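Following: one structure in structure tokens, then a few remarks.
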Amino acid sequence: MDNPERARILHGMEHKPDILIVGGGLNGPALALALAQTGHTVTIIDALAEKVRKNAAFDGRAYALALASQRLLQTIGVWDRVADHAQPMLEIKVTDGHAGTGPSPFFMHFDHAEIEEGPMGYMVEDRHLRRAFLDAMDADSNITQISGRTVIAQDHDATDVTLTLDDGSTLTGGLLVGCDGRRSGTAARAGIKRSGWDYGQTALVCAIEHDLPHHGVAHQFFMPPGPLAILPLTGNRSSIVWSERTDAAKRINALPEADYMQILRPRFGDFLGDIKLAGDRFTYPLNLTIANAFIGERMALVGDAAHGMHPIAGQGLNAGLRDVGALAEVLTLAGRRGEDIGSVLVLERYQEWRRFDTASLAMATDVFNKLFSNDNPLLRVGRDIGMGIVGSLPALRRGFVREAAGLTGDLPKLLQGRAI
Ligand SMILES: Cc1cc2nc3c(=O)[nH]c(=O)nc-3n(C[C@H](O)[C@H](O)[C@H](O)COP(=O)(O)OP(=O)(O)OC[C@H]3O[C@@H](n4cnc5c(N)ncnc54)[C@H](O)[C@@H]3O)c2cc1C
């Protein structure tokens, strides 16, 4: 339902939802669906109109979804809506490259054949994933959607949390979850500070059409200004995430298409034959931002609102979906035991489960980016030797493949493909 008036009428009467979610990007809808499945009523608010979020040209990203994330999407009923647009990721090749001189002979190669579970993951374009989430929420009677309204204030007492929207209306629920992205107002209004820094890098993002098939292989080239990822999409297309220093990125993005491609071509190489742009170009400034706490009074943070990281290893959304799985499981089990799902005791279980894990992942992506976005010859030799060692040790290689598939660590049930 995308009807603020109906939602307001419902909320003004006795139908107080169990959970209010601020942010209908990607993690918000995933959480709404996971919670609705276990019988919770959810109201989800997003500042953008539904038709803007459903517009195919809204966001040029494509996500490398780990196998565990795919399992969550399957379990909450979203996967069948995107499966036809998903490209299995069968191999990952990581190379220490240098624009113009081609990749170095040192590289790591990870093959899904080293694990029994299947592909390491799937590439799914934002436009398909976002639409699938919105359609799945429309079909769920436990979910009320309010689109095109911004949350401007929040308050809580011993039993409830109250949100004020930009039209002056208010909503009341038992728990507030902030899925409102890297600049989370939910966190700020709760007085939660953030740690992090700007990378001085911007990601240039676009889709490329190429002559030769990619065979489901994802490539990551490490260049001194930042990494270049070439990620397989359906058909003879790949998604490019090309990180450059911000001033250079701005200059490159402003160039006409032919000049843009002339800069991309030597970085890309010719292993996929001739390449051309397939769609619009996008830019995303890159920063690291971690909330100093993932919970507050009757409030929890999920996804980028809790931890925004460098896209170098394609882990941001995967980490968010782990939060979704963990929070849905903690709340559902607590509810079944008759506990108050908004109580600090319950919310602390979620924070304990996810905080260390995400902070270490965010720091690992940070170190990785600093180590590889660097032209120091000593560092280059060191990392090439390191890659050679990882590539030549089967047990280590297998460990990396399991990590890329998201199969390691304390996995919430939904990420194991099991209902809560
Ligand atoms: C270039 C790039 C490539 C990436 N590639 C990958 C990848 O391959 N794999 C991967 O796992 N991750 C990847 N990521 C990370 C991924 O994009 C993010 O982790 C993910 O989009 C975060 O989703 P979210 O729902 O938490 O936040 P967002 O998508 O930022 O959604 C937040 C929502 O909250 C709404 N909102 C904010 N404030 C308010 C308010 N006050 N009231 C109402 N609504 C509000 C906004 O309108 C928005 O819709 C990549 C990131 C970048 C930049």
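Both ligands and their constituent atoms are indexed starting at 1 by order of listing. Computed from a predicted model, the values in this text were never measured in an experiment.
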Among protein heavy atoms, which sits nearest to [atom], and what does the distance come to when rounded to 0.1 Å?
atom: atom 28 (P) of ligand 1; result: Gly181 CA, 4.3 Å
atom: atom 8 (O) of ligand 1; result: Ala64 N, 2.8 Å
atom: atom 38 (N) of ligand 1; result: Asp180 CB, 3.6 Å
atom: atom 31 (O) of ligand 1; result: Gly25 CA, 3.6 Å
atom: atom 50 (C) of ligand 1; result: Pro311 CB, 4.0 Å
atom: atom 34 (O) of ligand 1; result: Gly23 CA, 3.3 Å

Can you confirm, on distance only, whether ligand 1 has an N/O atom lying under 3.5 Å from any N/O atom belonging to [X]?
X: Asn27; result: yes
X: Ala305; result: no
X: Arg61; result: yes
X: Leu26; result: yes
X: Asp46; result: yes
X: Ala47; result: yes
X: Val22; result: no
X: Gly28; result: no
X: Asp304; result: yes
X: Asn318; result: yes

Nearest 0.5 angstrom please: Glu209 CD to Arg237 CZ, how far? 7.5 Å
Nearest 0.5 Å please: distance from the CG atom of Leu163 over to the CG atom of Leu171. 6.0 Å
Atoms of ligand 1, numbered as shown, that sit under 4.0 Å from any heavy atom of [X]:
X: Gly316; result: 10 (C), 11 (O), 12 (N), 15 (C), 19 (O)
X: Ile45; result: 43 (C), 44 (N)
X: Val205; result: 1 (C)
X: Gly314; result: 7 (C), 8 (O), 9 (N), 10 (C), 11 (O)

Regarding [X] and [Y], does a basic nitrogen lie under 4.0 Å from an acidic carboxylate oxygen?
X: Arg149; Y: Asp46; answer: no
X: Arg418; Y: Glu329; answer: no
X: Arg402; Y: Glu117; answer: yes

Okay, side chain of Ser184, backbone of Gly181: is any donor-acceptor separation there less than 3.5 Å?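 Looks like no, no N/O pair under 3.5 Å.
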Does the Gln351 side chain pair with the main chain of Phe294, one donor and one acceptor, at a distance under 3.5 Å? yes
For Cys179, is the nearest heavy atom under 4.0 Å from an atom of ligand 1? yes
Determine whether any heavy atom of Arg149 lies closer than 4.0 Å to an atom of ligand 1.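 It does; at least one heavy atom falls under 4.0 Å.
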Where on Leu65 is there a heavy atom closer than 4.0 Å to ligand 1, on the side chain, on the backbone, on both, or on neither?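 Neither part.
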Short version for Arg182: what comes under 4.0 Å of ligand 1, heavy atoms counted, is neither
Tell me whether Arg61 forms a cation-pi arrangement with Tyr284, defined as NZ or CZ under 6.0 Å from the six-membered ring centre and within 45 degrees of its axis. yes
Taking atom types as modelled and ignoring hydrogens, do the side chains of [X] and [Y] form a donor-acceptor contact shorter than 3.5 angstrom?
X: Gln201; Y: His310; answer: yes
X: Thr289; Y: Asn287; answer: no
X: Thr202; Y: Thr283; answer: no

Within the structure provided, determine whether Leu327 and Asp323 are in side-chain contact (heavy-atom separation under 4.5 Å).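 SC-SC contact between Leu327 and Asp323 ruled out.
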Nearest heavy atoms of Pro232 and Ser238, plus distance in Å: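 Scanning both residues completely, I find the closest heavy atoms to be CA-OG, 4.1 Å.
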At their closest point, which heavy atom of Ala319 faces which heavy atom of Met309, and how far apart are they?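 Heavy-atom minimum between the residues: CB-CE, 4.1 Å.
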